[in-house]
> 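Supplied in structure tokens, the structure appears directly below.
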Amino acid sequence: MIHLALQEKLQRAVLELMPEADVSSVLVRPCPEPKFGDYQTNALIGLAKRNRLNPRELAAKVVGQLDVTDYCEPVEIAGPGFLNFQLKTAALSDTLVSATRGEHLFYRTAAEPRTIIIDYSSPNVAKPMHVGHIRSTILGYALARVFRLLGHKVVTDNHIGDWGTQFGKLLVGWKEHLDKDALGQDALAEMERLYKLVNTACDGDETVLARAREELVKLQNGDAENLAIWHEMIDLSRHQFDEIYGRLGVEFDETLGESFYNDRLKGVVDDLVTQGIAEESEGAQVVFFNDHKSLKKHPAIVQKSDGAANYTTTDLATLEHRQDSWQPSEVIYVTDGRQQLHFQQLFELYNRWKPGHGMKLNHVWFGAILGEDGKPFKTRSGEIIRLSGLLDEAEQRAFDVVSEKNPNLPGEERHDIARVVGLGAIKYADLSGNRQSDYVFSWDTMLALVGNTAPYLLYAFTRIRSIFRKLGNESLTRPESFALGQAEELTLAKHLLHFGLVLEQVVDECRPNYLCNYLYELAGHFGSFYENCPVLQAEGEIRTQRLALCDLTGQVLKTGLETLGLETTDRM
RNA sequence: GCCCCGGUAGCUCAACUGGAUAGAGCAACGGAUUUCUAAUCCGUAGGUUGUGGGUUCAAGUCCCGCCCGGGGUACCA
């Protein structure tokens with residue numbers, strides 16, 4: 001909060017001295033070391049250098065133009081030309097007081113809201129969702145919520161895989177080997193079985209492969225029976241997807257699968273050919289990127305030699321539809337890192353097809369989920385791990401821990417807590433690391449009660465709730481000001497002020513782990529405060545102020561966790 | 001072959017436009033409990049940031065070479 005006011009004043013001071021300067025990079029940030037101050041800027045060093053000035057002299061002149069006495073002690077020039085700002089407690093106190101009045105929660109919404117499309121999850125019809133889908137789902141939904149918290153308009157779209165060559169094999173399986181009982185029990189498992197069965201049969205038998213092609217052509221040509229089966233497969237799949245999304249608390253504004261774009265595909269290819277972007281090569285329609293370094297040797301196929309389109313074509317049609325429907329300023333794709341080449345091609349191709357479209361096209365990719373042996377996360381027999389079972393296990397493990405730690409809670413409440421903690425642990429493990437790193441899936445690590453984990457953060461929240469439970473019916477009085485006389489109070493209060501800055505950083509780089517780190521630090525600062533500053537036993541103004549600090553910390557924790565897609569609980 | 005990504009403490013990870021003494025957790029060791037929930041807190045120890053050069057007042061971060069690992073690479077998505 002305050003850093004924005006300082007930043008604005010600083011930028012104005014620089015412009016007084018250098019009217020031509022680009023001050024967009026003159027930023028105020030928290031100090032890496034508290035001993036230097038609360039906030040700093042290092043931007044003047046670079047600015048001086050670009051203008052062949054002495055950095056310290058420039059810093060001195062800027063300080064001369066700068067009046068921040070409302071907020072800070074006298075500004076200090078340090079080292080090669082850093083400015084260090086030390087907050088006045090009064091300024092800190094004012095910000096806290098306005099927060100207790102509900103005027104803000106330490107962040108500002110965007111002055112100019114943008115429209116952003118976020119594409120995540122995207123499971124395939126007739127295949128069970130597995131552990132690989134969870135990262136996209138969790139990351140994408142968390143990002144959507146952070147953008148929304150900051151006042152942006154977000155359209156979330158689940159681009160499910162409901163079309164493609166796999167349906168030829170699925171149709172053969174459905175017609176010749178379907179087990180209706182199994183379908184009733186677990187539709188996705190049965191469809192997966194059918195697919196594997198036919199797929200294996202195709203390897204050794206040309207006639208089966210020919211059957212599959214035949215069924216696929218019939219589907220594509222609108223054969224009534226095949227279309228009906230296809231619709232049923234989609235319905236059954238979506239039912240199970242929705243069950244998982246319900247458990248995860250994830251939602252979508254749109255679910256426009258690949259098939260939604262079928263009508264447009266031919267037109268896209270024609271367009272590309274007419275405009276000379278695509279050309280024929282080995283029977284296929286292909287786009288070459290000869291003047292592009294990393295794509296030079298990687299042409300993109302937009303129409304296969306059998307005349308069918310592929311996912312590049314579908315994605316182009318999808319982008320066109322998104323541009324026409326919502327005019328977004330940004331389209332975000334949350335997928336694993338193996339699709340980097342595809343999205344490079346897609347974006348480059350779209351830029352050529354629709355020059356000047358003005359959208360930021362952003363592939364937000366993430367690393368693999370590995371088992372504790374460092375290899376791709378699978379069951380011991382090498383099977384892909386299904387999401388529903390994984391969620392069950394998370395809840396069960398969390399239930400065991402809750403029951404051990406707090407056996408006196410009623411069973412129903414323990415189940416509720418186990419759901420919040422178990423699912424929270426899985427989500428938080430996905431969110432708290434750098435998304436681009438591979439991450440090692442470990443129950444013990446994610447359900448640990450200490451460290452940067454969901455249980456630790458949730459526990460911090462329950463301690464706050466516990467204080468307010470003890471308070472009973474006593475009404476919360478709002479402090480006139482905050483003295484912040486004890487070091488732990490001061491540290492906690494200052495950290496609350498950084499919430500908005502962190503939210504901005506999450507949005508800028510699509511990295512929810514920044515918010516996780518922030519909340520973890522907040523919980524840590526609260527822990528120290530809690531140990532060293534009695535709240536209910538304190539008296540008078542101090543008690544009022546500490547209760548208010550607890551309340552504000554609780555609000556930020558809850559808002560932060562909910563923005564990440566985690567629920568909170570009052571007891572653990 | 002080419003392209004992309006990564007390599008940070010024993011392990012898992014972080015490090016905000018390049019910025020001040022590279023930070024956490026786990027594991028190890030030592031301390032704190034007539035509690036506001038100890039599912040906690042405090043402390044100790046642990047590093048040539050893969051490697052060799054370069055740019056810079058300043059490099060984990062940028063540039064070049066090399067080593068190691070992962071992924072991708074014409075009709076799957």
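All values derive from a computational prediction rather than experimental measurement. Letters A, B, ... mirror the listed sequences (proteins, then strands); counts begin at 1.
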> Just checking A:Phe461: base, sugar-phosphate only, or nothing, at a heavy-atom cut-off of under 4.0 Å?
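Answer is nothing: A:Phe461 stays at 4.0 Å or more from every strand.
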> So A:Thr445, base contact, sugar-phosphate only, or nothing? Heavy-atom distance under 4.0 Å.
nothing
> Send over the distance from A:Leu370 CG to B:G7 C1', rounded to a whole Å.
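For the pair A:Leu370 CG and B:G7 C1', the rounded distance is 15 Å.
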> So does A:Glu531 reach the base of B:A32 with its side chain, donor to acceptor, closer than 3.5 Å?
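In this structure, the two groups form no donor-acceptor pair.
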> Output the rounded distance in Å from CH2 (A:Trp365) to P (B:G72).
13 Å
> Both A:Gln537 and A:Leu83 contact RNA chain B. Taking the nearest nucleotide for each, which residue is further toward the 5' end?
A:Leu83
> Tell me which residues in residues 470-477 of chain A put a heavy atom below 4.0 Å from RNA chain B, sorted by number, or none.
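Those residues are A:Lys470.
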> Could you check whether A:Ala78 gets within reach of a base, just the sugar-phosphate, or nothing at all, counting any heavy atom under 4.0 Å?
base
> Which part of the nucleic acid, if any, lies within reach of A:Val502 when heavy atoms closer than 4.0 Å are counted: base, sugar-phosphate only, or nothing?
nothing
> Is the count of non-hydrogen atoms from other residues, nucleotides or ligands lying under 6.0 Å from A:Arg213 atom CZ greater than 12?
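No.
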> On RNA chain B, does the nearest nucleotide to A:Glu76 precede the nearest nucleotide to A:Val440 from the 5' side, or the other way round? Give the residue.
A:Val440
> Is it true that the side chains of A:Asn452 and A:Tyr428 contain a donor and an acceptor less than 3.5 Å apart?
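Per modelled atom types, A:Asn452 and A:Tyr428 side chains form a pair under 3.5 Å.
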> Under 4.0 Å, heavy atoms only, any strand: does A:Asn42 hit a base, just the sugar-phosphate, or nothing?
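Base, at least one base atom sits under 4.0 Å.
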> With a 3.5 Å cut-off and heavy atoms only, can you find an N or O donor on one side and an acceptor on the other between the side chain of A:Tyr311 and the base of B:A77?
yes
> Identify whether any heavy atom of A:Gln166 sits under 4.0 Å from a base atom; if not, whether one sits that close to sugar-phosphate; answer base, sugar-phosphate or nothing.
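The answer is nothing, as A:Gln166 stays clear of every strand by at least 4.0 Å.
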> Using the P atom on both, measure B:U48 against B:G72 and round to a whole Å.
34 Å
> With the six-membered base ring of B:G19 as reference, does the ring of A:Phe82 sit under 5.5 Å away with planes under 30° apart?
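No; by the centre-distance and plane-angle rule, A:Phe82 does not count as stacking on B:G19.
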> Starting from P on B:A77, measure out to OH on A:Tyr333 and report it in whole angstrom.
15 Å
> Can you tell me the distance, in whole Å, between the CG atom of A:Leu341 and the P atom of B:G70?
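Going from A:Leu341 (CG) to B:G70 (P), I get 20 Å.
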> I'd like to know if A:Glu567 pairs up with A:Arg419 as an ion pair, taking the criterion as any Lys NZ or Arg NE/NH1/NH2 lying under 4.0 Å from an Asp or Glu carboxylate oxygen.
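Salt bridge present between A:Glu567 and A:Arg419.
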> Do A:Gln505 and B:C16 share a donor-acceptor pair, side chain to base, under 3.5 Å?
yes
> Can you find a side-chain donor-acceptor pair between A:Arg571 and A:Thr462 that sits under 3.5 Å?
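The criterion, which ignores hydrogens and geometry beyond distance, is not satisfied for A:Thr462 and A:Arg571.
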> Contact class for A:Asp306 (heavy atom, under 4.0 Å): base, sugar-phosphate, or nothing?
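A:Asp306: no heavy atom of the nucleic acid under 4.0 Å.
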> Any donor-acceptor pair under 3.5 Å linking the side chain of A:Ser237 with the backbone of A:Ala126?
yes
> Are A:Phe36 and B:A20 stacked, counting the six-membered base ring, centres under 5.5 Å, planes under 30°?
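Stacked: ring centres under 5.5 Å, planes under 30°.
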> With rounding to the closest Å, how many angstrom separate the P atoms on B:C62 and B:C5?
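To the nearest whole Å, 10 Å.
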> Is there a donor and acceptor pair closer than 3.5 Å between the side chain of A:Ser281 and the base of B:A74?
yes
> So what does A:Gln40 touch, heavy atoms closer than 4.0 Å: a base, only the sugar-phosphate, or nothing?
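The answer is base, as A:Gln40 lies within the cut-off (heavy atoms under 4.0 Å) of a base atom.
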> I want to verify a distance call: between B:A74, B:G25, B:A77, whose nearest atom is closest to the A:Glu258 side chain?
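Nearest nucleotide to the side chain: B:A77.
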> Roughly how far apart, to the nearest Å, are B:G70 and B:G65 at atom P?
22 Å
> Considering only atom C1', compute the distance from B:A24 to B:A9 and round it to an integer number of Å.
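Those two atoms are separated by 11 Å.
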> Nearest of B:A39, B:G71, B:A15 to any side-chain atom of A:Tyr514?
B:A15
> Measure from the side chain of A:Ser528, starting at C-beta and using heavy atoms only, and say which of B:A74, B:G70, B:C42 lies closest.
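Nearest to the side chain of A:Ser528 among the choices is B:C42.
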> Give the nucleotide from the list B:U40, B:A77, B:G70 with an atom nearest to the side chain of A:Tyr459.
B:U40
> Look at all strands and tell whether A:Gly161 reaches a base, only sugar-phosphate, or nothing, counting heavy atoms closer than 4.0 Å.
nothing
> Ignoring hydrogens and geometry beyond distance, is the side chain of A:Asn84 in donor-acceptor contact with the base of B:A20 at under 3.5 Å?
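For A:Asn84, whose side chain was compared with the base of B:A20, there is a donor-acceptor pair (under 3.5 Å).
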> The side chain of A:Leu27 lies closest to which of these nucleotides: B:G70, B:U17, B:A77?
B:U17
> Within this structure, what is the CG-to-C1' distance between A:Asn452 and B:G23, rounded to whole angstrom?
12 Å
> Taking Watson-Crick (N1-N3 plus N6-O4 or O6-N4) and G-U wobble (N1-O2, O6-N3), each under 3.5 Å, can you produce the dot-bracket string of RNA chain B? Use [ ] for crossing pairs and | for inter-strand ones.
(((((((..((((.....[...)))).(((((.......))))).....(((((..]....))))))))))))....
> Quick one: label A:Asn408 by what it contacts on the DNA or RNA (base, sugar-phosphate, nothing), any heavy atom closer than 4.0 Å.
nothing
> Look at all strands and tell whether A:Ile45 reaches a base, only sugar-phosphate, or nothing, counting heavy atoms closer than 4.0 Å.
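Here A:Ile45 touches the bases of the nucleic acid.
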> Figure out the CZ/P separation between A:Phe499 and B:C16, and round it to whole Å.
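Taking atom P of B:C16 as the reference, CZ of A:Phe499 is at 20 Å.
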> Looking only at the side chains, is there a donor atom on one of A:Glu521 and A:Asn517 sitting less than 3.5 Å from an acceptor on the other?
no
> Is it the case that more than 12 heavy atoms not belonging to A:Arg469 sit under 6.0 Å from its CZ atom?
yes
> Write down the distance between CZ (A:Arg29) and C1' (B:U17), rounded to a whole number of angstrom.
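So the two atoms are 7 Å apart, to the nearest Å.
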> Can you identify which nucleotide, out of B:G72, B:C13, B:A15, has its nearest atom closest to the A:Asn513 side chain?
B:A15
> Any side-chain donor paired with an acceptor under 3.5 Å for A:His342 and A:Asp315?
yes
> Starting from P on B:A58, measure out to NZ on A:Lys49 and report it in whole angstrom.
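That distance rounds to 8 Å.
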> Using the P atom in both, what is the distance from B:G7 to B:U61, to the nearest Å?
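So the two P atoms sit 11 Å from each other.
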> Applying a 4.0 Å non-hydrogen cut-off, can you work out what A:Pro455 is touching in the nucleic acid: base, sugar-phosphate, or nothing?
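Since no nucleic acid heavy atom lies under 4.0 Å of A:Pro455, the category is nothing.
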> Is it the case that atom CD in A:Glu474 sees more than 12 heavy atoms from other parts of the structure closer than 6.0 Å?
yes
> For nucleotides B:C26 and B:C41, find the distance between their P atoms and express it as a whole number of Å.
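Here B:C26 and B:C41 have their P atoms 9 Å from each other.
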> Quick one: salt bridge (Lys or Arg N to Asp or Glu O under 4.0 Å) pairs with a partner in residues 425-436 of chain A, sequence neighbours left out?
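Every salt bridge (Lys or Arg N to Asp or Glu O under 4.0 Å) pair that includes a residue of residues 425-436 of chain A, provided the two are not neighbours, is A:Arg135-A:Asp430.
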> Verify whether one side chain among A:Arg546 and A:Gln537 offers a donor that lies under 3.5 Å from an acceptor in the other.
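A:Arg546 vs A:Gln537: no donor-acceptor pair found between side chains.
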> When we call it a touch if two heavy atoms are under 4.0 Å apart, what does A:Cys533 touch: a base, just sugar-phosphate, or nothing?
base
> Can you tell me how the ring of A:Phe499 sits relative to the ring of A:Tyr518, calling it parallel under 30°, perpendicular over 60° and tilted otherwise?
parallel
> Indicate whether the side chain of A:His363 and that of A:Thr335 have a donor and an acceptor atom separated by less than 3.5 Å.
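Checked: A:His363/A:Thr335 side chains pair up, N/O donor to acceptor below 3.5 Å.
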> Please step through side-chain contact (heavy atoms from CB on, under 4.5 Å) for the pair A:Lys296 and A:Phe289, ending with a clear verdict.
CA-CA 5 Å; A:Lys296 207 172 192 166; A:Phe289 306 94; over 6 Å; no
